[in-house]
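Atom set for the values below is all heavy atoms of this structure, side chains included, hydrogens, waters and symmetry mates excluded.
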Protein chains: 2
Amino acid sequence: MSIERRTTKQKEAIKAVLSHQDGPLLPDEIQALALKIVPSIGIATVYRTLKILQDDNLVCSVEIPGQAPRYESSDRGHHHHFHCQKCHSVFDLEKCVEGLKNLVPSGFRVIDHEITLHGLCKACD
Amino acid sequence: MSIERRTTKQKEAIKAVLSHQDGPLLPDEIQALALKIVPSIGIATVYRTLKILQDDNLVCSVEIPGQAPRYESSDRGHHHHFHCQKCHSVFDLEKCVEGLKNLVPSGFRVIDHEITLHGLCKACD
DNA sequence: ATTGAGACTGAGACACAATCTCAATATAGC
DNA sequence: GCTATATTGAGATTGTGTCTCAGTCTCAAT
Ligand SMILES: [Mn+2]
Ligand SMILES: [Mn+2]
Ligand SMILES: [Zn+2]
Ligand SMILES: [Zn+2]
């Protein structure tokens with residue numbers, strides 16, 4: 001069984017920050033925005049809370065190779081990301097693709113997947 | 001124009017290690033295997049050389065979220081990976097999927113992509 | 001074969017993200 | 001309010017990767 005969870009101003013602030021955002025954020029960006037809601041929040045608390053929210057499936061991490069992980073609210077549902085190689089913006093993608101299970105040999109069970117597209121965004125192309 | 005490149009025992013050892021392997025390796029695994037070929041090779045040289053080989057398109061990095069980047073020879077060609085959530089092995093996948101370009105809005109140019117599947121491998125399921 | 005410019009090396013210092021420690025604090029059930 | 005304990009924040013610590021720099025190695029020119 002999991003440990004007892006308590007409601008804290010810090011955790012609520014982080015959830016509020018992420019729910020108002022439309023792109024994934026870095027931990028220090030989350031800390032900076034949360035500080036506008038709560039008087040103080042340490043970076044260790046940000047990392048701890050993000051891990052808890054991930055365990056509770058309230059937050060997802062978005063990892064672009066070569067860059068630090070970013071975090072976004074999981075109420076956006078399943079989606080993927082486009083990374084601009086020039087301006088390094090990260091965009092949400094709407095759809096998903098079919099046939100991913102066909103990539104795998106028999107005997108392997110696919111539970112999750114992630115897709116990241118790289119290229120040039122509308123502004124940079 | 002790019003910088004002049006020289007042939008060194010260390011770089012050749014790393015290339016040899018990666019070409020004989022059938023899965024992506026961590027930097028310290030690469031160092032350990034390279035030490036069987038050359039009398040000494042520092043970890044800084046491993047990182048430096050991997051970066052050079054990536055720039056020269058001889059090596060690709062494989063990044064599983066939450067884990068340190070691994071490296072593999074790019075002579076395996078374009079492919080993707082399956083990550084077992086139990087034993088954390090990483091398997092090469094043969095095929096790719098169609099229709100990735102349809103995921104992006106018009107005006108965006110897709111240059112590259114990566115796909116990682118997560119689940120249970122044949123041995124763990 | 002010798003030379004020399006400069007690419008390369010390895011050890012250790014350094015930088016950074018992320019985790020751990022622990023005393024102080026806040027929460028929730030009573 | 002009181003208590004048990006989950007949570008916090010500052011600082012120490014870890015882990016991964018980069019930087020520095022004096023010494024070495026490579027290779028084209030001689
Ligand atoms: Mn997103
Ligand atoms: Mn591979
Ligand atoms: Zn862009
Ligand atoms: Zn497995």
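A donor atom on one side chain and an acceptor atom on the other are not found under 3.5 Å apart for His80(B) and His113(A). Side chains of His81(B) and Glu114(B): no donor on one and acceptor on the other come within 3.5 Å.
Comment: Asp56(A) engages Arg5(A) in a salt bridge, judged by a side-chain N to carboxylate O separation of less than 4.0 angstrom. With salt bridges taken as basic N to acidic carboxylate O contacts below 4.0 Å, one links Lys15(B) and Glu12(B). Under a 4.0 Å N-O distance rule, the pair Glu4(A)/Arg6(A) qualifies as a salt bridge.
The end-to-end axis angle of the helix from dA1(C)-dT30(D) to dC30(C)-dG1(D), rounded to 10 degrees and based on five pairs per end, is 40°.
Residue Lys51(B) places at least one side-chain N or O closer than 4.0 Å to OP1 or OP2 of dT18(D). For the pair Gln10(B) and dC25(D), the criterion of a side-chain N or O lying under 4.0 Å from OP1 or OP2 is not met.
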Checklist line | Trace of the side chain to side chain contact (heavy atoms under 4.5 Å, CB included) decision for Tyr71(B) with Val62(B) | finding: CA-CA 6 Å; Tyr71(B) 299 86; Val62(B) 178; over 6 Å; no
Item checked: Test side chain to side chain contact (heavy atoms under 4.5 Å, CB included) applied to Phe91(B) and Val104(A), step by step -> CA-CA 10 Å; Phe91(B) 299 85; Val104(A) 127; over 6 Å; no
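Not a single donor-acceptor pair under 3.5 Å links the side chain of Thr45(A) to the backbone N or O of Ile41(A). In this structure, Ser19(B) contributes its side chain and Ala16(B) its backbone to a donor-acceptor pair below 3.5 Å.
Of the residues in residues 41-50 of chain A, those placing a heavy atom less than 4.0 Å from an atom of DNA chain C are Ala44(A), Tyr47(A), Arg48(A), in numerical order.
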Check: Along nucleotides 25-30 of chain C, 5' to 3', which nucleotides get a B, which get an S, and which get a -, given that the test is a protein heavy-atom distance under 4.0 Å?
Finding: -BBS--
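Checked against the 6.0 Å centroid threshold, His83(A) and His88(A) count as a close aromatic pair.
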